[in-house]
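Step one of this worksheet: look at the structure below.
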2 protein chains.
Amino acid sequence: MVDEEDVGGPPVGAVKSKKKSGKKSGGKSSGSGSSGSSSSSNPQIKPKCNCEQLQLVDCHLETKELWDKFNELGTEMIITKTGRRMFPTVRVTFSGAQSRVRYYVLLDVVPVDSKRYRYAYHRSSWLVAGKADPPAPARLYTHPDSPFTPDQLRKQVISFEKVKLTNNEMDKQGQIVLNSMHRYQPRVHLVRRMEGDTTRPIVDLEREQFRTYVFPETVFTAVTAYQNQLITKLKIDSNPFAKGFRDSSRLSDFDR
Amino acid sequence: MVDEEDVGGPPVGAVKSKKKSGKKSGGKSSGSGSSGSSSSSNPQIKPKCNCEQLQLVDCHLETKELWDKFNELGTEMIITKTGRRMFPTVRVTFSGAQSRVRYYVLLDVVPVDSKRYRYAYHRSSWLVAGKADPPAPARLYTHPDSPFTPDQLRKQVISFEKVKLTNNEMDKQGQIVLNSMHRYQPRVHLVRRMEGDTTRPIVDLEREQFRTYVFPETVFTAVTAYQNQLITKLKIDSNPFAKGFRDSSRLSDFDR
DNA sequence: CGGTTCTCACCTAGGTGTTAAACT
DNA sequence: AGTTTAACACCTAGGTGAGAACCG
């Protein structure tokens with residue numbers, strides 16, 4: 001029915017080679033570049049900055065090693081009607097913050113491309129399954145501890161563990177609404193406001209002094225059920241809440 | 001050893017009569033008065049206001065009925081080294097907030113008098129057991145959702161469920177430090193700042209525009225173990241986390 | 001058949017009073 | 001003897017993937 005074509009280079013970076021890619025993958029992946037990939041990629045996933053002072057502020061992705069592991073397999077994130085946390089969690093630290101201003105840290109999730117995907121179990125690979133469904137307008141999730149003083153921004157790990165992904169377009173709890181079987185890129189935004197500025201919420205980035213950081217290793221496919229069994233296994237082995245499904249626990253018949 | 005005298009009128013209001021006291025006890029107990037009681041009472045427990053605009057803002061104690069039940073028996077709050085929540089929780093609502101300002105809501109706990117108490121089990125009553133131990137400086141606990149917009153202040157129930165009481169004088173987590181076997185009065189402070197004002201923490205109320213609300217029914221004695229068994233029973237029956245100790249659960253032998 | 005939803009057992013995380021032991 | 005501590009069983013609250021049921 002839909003135009004279905006095999007994906008040449010695995011879209012999410014399925015296991016292809018043990019070699020690190022050309023660019024030194026140990027270095028920073030944020031800020032200045034690394035949008036990379038194909039012509040169909042969304043310009044939204046490029047870093048951006050409309051404020052000189054923010055050029056001095058670096059953003060670092062914590063638990064990058066874990067993100068890399070998932071990314072090598074092609075990260076999947078469950079979305080549900082009631083909302084599901086992300087795992088791994090987006091955790092960042094900042095350096096270079098100035099004094100006498102306030103910082104807001106935000107997360108949003110934008111489409112990587114305009115495609116719909118499906119997973120070929122027998123081949124263990126993702127296929128393009130047609131054009132994207134109409135996307136819900138991207139919601140900005142402001143980190144609940146915002147605003148941060150420069151001191152806080154320098155010292156704290158800012159963790160988006162509470163943010164939830166949903167496929168419920170009618171959601172009214174401020175969760176991030178995504179389409180299943182579509183690929184997404186999380187983005188971190190740093191907004192700078194004068195300390196005199198009010199607590200009014202941030203609704204439009206373009207009306208703020210901001211800088212956008214993009215970590216390509218956090219790309220994922222939204223799913224309602226895991227497709228790649230290796231992803232399931234890695235989640236179970238690394239997410240404490242899934243401990244009950246670990247291999248050692250599954251030897252239950254033998255144990256008892 | 002210490003001068004030990006019986007307490008004439010039960011200090012925390014032990015069960016004396018089923019009659020409601022003279023003043024209509026259904027009415028508001030905050031704001032303007034009701035410091036009441038004896039000559040030894042701490043002047044800190046009187047309401048206070050250094051800001052005209054705040055005279056218009058009313059504060060209402062939620063779950064007053066529960067507080068009253070405890071107060072009739074003589075409320076006790078456990079303090080531990082690691083910190084213990086208060087139960088009941090101090091929950092308040094405000095009305096009359098103006099726009100274009102920001103409100104901070106704070107809690108502190110001040111000594112009611114300069115006495116140390118002990119509990120006479122055989123008589124089921126509190127006795128004065130000498131002079132107070134030197135108090136730790138009262139810590140201001142700023143509600144974590146502060147600052148509030150006038151809108152938020154009008155609509156939200158502000159709950160201090162997360163605040164913890166400790167007897168650890170070396171505490172560095174910002175918990176409220178108390179002496180065991182001493183009597184205390186929680187106070188709620190409302191601080192008004194211009195929306196242009198910064199997020200710097202509030203360290204000295206006197207340097208702010210503020211109003212202090214006092215709810216006498218929230219007086220309690222800090223203890224490391226419950227003294228009055230009726231208090232224990234009421235806690236078990238009303239705190240969801242103590243459900244495991246409810247009578248119906250204790251019929252276990254019969255049930256199984 | 002592919003995709004979604006719901007319920008479930010099994011976890012994490014942490015708030016309760018109890019109890020026995022330790023402290024002073 | 002009065003008070004404090006620490007380990008414990010028992011809760012609340014909620015995050016996991018499995019698997020069956022359901023949908024289209």
Side-chain angles (χ1 to χ4, degrees), chain A residues 1-2 4 76-89 116-122 127 129-130 133 161-168 179-182 221-229 231-250 252, chain B residues 1-2 4 76-89 116-122 127 129-130 133 161-168 179-182 221-229 231-250 252:
Chain A
M1 238 27 188
V2 278
E4 179 168 305
E76 299 172 25
M77 295 286 177
I78 298 275
I79 59 179
T80 68
K81 209 159 74 175
T82 55
R84 196 79 152 191
R85 289 190 180 178
M86 296 175 67
F87 189 89
T89 302
R116 183 178 222 289
Y117 291 88
R118 73 180 202 85
Y119 191 75
Y121 293 89
H122 50 93
L127 309 177
D133 296 334
E161 60 194 0
K162 295 279 178 61
V163 73
K164 286 187 173 180
L165 311 181
T166 183
N167 56 352
N168 179 11
N179 285 321
S180 186
M181 310 309 272
H182 291 59
T221 305
V223 297
T224 57
Y226 289 126
Q227 306 294 308
N228 182 348
Q229 296 181 359
I231 286 292
T232 310
K233 183 170 176 359
L234 187 50
K235 294 247 184 183
I236 289 173
D237 286 342
S238 49
N239 187 337
F241 288 112
K243 191 177 177 181
F245 300 103
R246 305 249 245 256
D247 277 349
S248 56
S249 303
R250 289 195 201 153
S252 51
Chain B
M1 237 31 188
V2 279
E4 178 169 306
E76 299 172 26
M77 295 286 176
I78 298 274
I79 59 180
T80 68
K81 209 158 74 176
T82 54
R84 195 80 152 191
R85 288 189 179 179
M86 296 176 67
F87 189 89
T89 302
R116 183 178 222 289
Y117 292 87
R118 73 180 203 82
Y119 191 74
Y121 293 88
H122 51 90
L127 310 176
D133 296 333
E161 61 195 0
K162 295 280 178 61
V163 72
K164 285 186 173 181
L165 311 181
T166 183
N167 57 350
N168 179 10
N179 286 321
S180 185
M181 311 308 272
H182 291 60
T221 305
V223 296
T224 56
Y226 289 126
Q227 306 295 308
N228 182 347
Q229 296 181 357
I231 286 293
T232 310
K233 183 170 177 1
L234 187 50
K235 294 248 184 182
I236 289 173
D237 286 342
S238 49
N239 187 337
F241 288 112
K243 191 177 177 182
F245 301 103
R246 304 248 247 256
D247 277 349
S248 56
S249 303
R250 289 196 201 153
S252 50

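Order of the sequence lines fixes the chain letters, A, B, ..., with proteins taken first and strands second; residue numbering starts at 1 for each chain. All values derive from a computational prediction rather than experimental measurement.
Between A:G83 and A:T232, the residue anchored nearer the 5' end of DNA chain D, judged by the nucleotide with its closest heavy atom, is A:G83. In terms of position along DNA chain C, the nucleotide closest to A:P240 lies nearer the 5' end than the nucleotide closest to the other residue of the pair A:P240 and B:R85.
Residue B:N239 contributes atom CG, which lies 11 Å from atom P of C:dG15 at whole-angstrom precision. For the pair A:F245 CZ and C:dT12 P, the interatomic distance rounds to 12 Å; values are reported in whole Å. As rounded to whole Å, 17 Å separates atom P of D:dT4 from atom CE of B:M77. Here the P atom of nucleotide D:dT16 and the CG atom of A:D237 are 15 Å apart, to the nearest Å. Taking atom CG on B:D247 and atom P on C:dG17, their separation rounds to 15 Å, with Å as the unit. The interatomic distance linking B:D133 (CG) with D:dT4 (C1') rounds to 14 Å, in whole Å. Here the C1' atom of nucleotide C:dT16 and the CE atom of B:M86 are 16 Å apart, to the nearest Å. Nucleotide D:dG15 holds its C1' atom 11 Å from the CZ atom of A:F87, rounded to whole Å.
Checked against side chain to side chain contact (heavy atoms under 4.5 Å, CB included), B:E161 has the following partners two or more places apart in sequence or in another chain: B:T89, B:R91, B:S159. Applying the side chain to side chain donor-acceptor pair (under 3.5 Å) test to A:K162 and every residue at least two apart in sequence or in another chain returns nothing. For A:T166, the side chain to side chain contact (heavy atoms under 4.5 Å, CB included) criterion is met by A:N168, A:D171, A:Q175, A:V177, not counting sequence neighbours. With sequence neighbours excluded, the residues that form a salt bridge (charged side-chain N to carboxylate O under 4.0 Å, His left out) with A:R116 are A:D133. Applying the side chain to side chain contact (heavy atoms under 4.5 Å, CB included) rule to B:T80 yields the partners B:I78, B:T82, B:R84; only residues at least two apart in sequence or on another chain are considered. Applying the side chain to side chain contact (heavy atoms under 4.5 Å, CB included) criterion to B:Y119, with sequence neighbours excluded, gives B:Y121, B:S124, B:W126, B:Q227, B:N228. With sequence neighbours excluded, no residue satisfies side chain to side chain donor-acceptor pair (under 3.5 Å) with A:K81.
Between A:K243 and the phosphate of D:dT16, there is no side-chain N or O to OP1/OP2 separation shorter than 4.0 Å. Checking the phosphate oxygens (OP1, OP2) of C:dG15, a side-chain nitrogen or oxygen of B:K164 falls inside 4.0 Å. Of the side-chain N and O atoms in B:R84, one or more sit less than 4.0 angstrom from OP1 or OP2 of C:dG17.
Counting only heavy atoms from C-beta outward, the side chains of B:H182 and B:T221 never approach each other to under 4.5 Å. Within the 4.5 Å cutoff, no side-chain heavy atoms of A:N179 are placed close to those of A:N167. Between A:K164 and A:I79 there is no side-chain heavy-atom pair separated by less than 4.5 Å.
The two residues A:M77 and A:K235 make their nearest non-hydrogen contact at SD-NZ, 3.7 Å. Between A:A225 and A:E76 the shortest heavy-atom distance is O-OE1, 4.4 Å.
The residue B:K162 sits apart from the nucleic acid: no heavy atom pair falls under 4.0 Å.
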(request) Going 5' to 3' through nucleotides 19-24 of chain C, assign each nucleotide B (protein heavy atom under 4.0 Å from a base atom), S (under 4.0 Å only from sugar-phosphate atoms) or - (no protein heavy atom that close). (result) ------

(request) Do nucleotides 19-24 of chain D as a string where each nucleotide becomes B, S or -: B if the base has a protein heavy atom under 4.0 Å, S if just the sugar-phosphate does, - if no protein is that close. (result) ------

List every contact pair, protein side and nucleotides 2-6 of chain C side both N or O, where the distance is under 3.5 Å.
unit_1: C:dT4; atom_1: OP2; unit_2: A:S180; atom_2: OG; d: 2.8
unit_1: C:dT4; atom_1: OP2; unit_2: A:T224; atom_2: OG1; d: 2.7
unit_1: C:dT4; atom_1: O5'; unit_2: A:T224; atom_2: OG1; d: 3.4
unit_1: C:dT5; atom_1: OP2; unit_2: A:N167; atom_2: ND2; d: 2.7
unit_1: C:dC6; atom_1: OP1; unit_2: A:K81; atom_2: NZ; d: 3.3

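The side chain of B:A242 lies closest to C:dG17, out of C:dG15, C:dG17, D:dG17.
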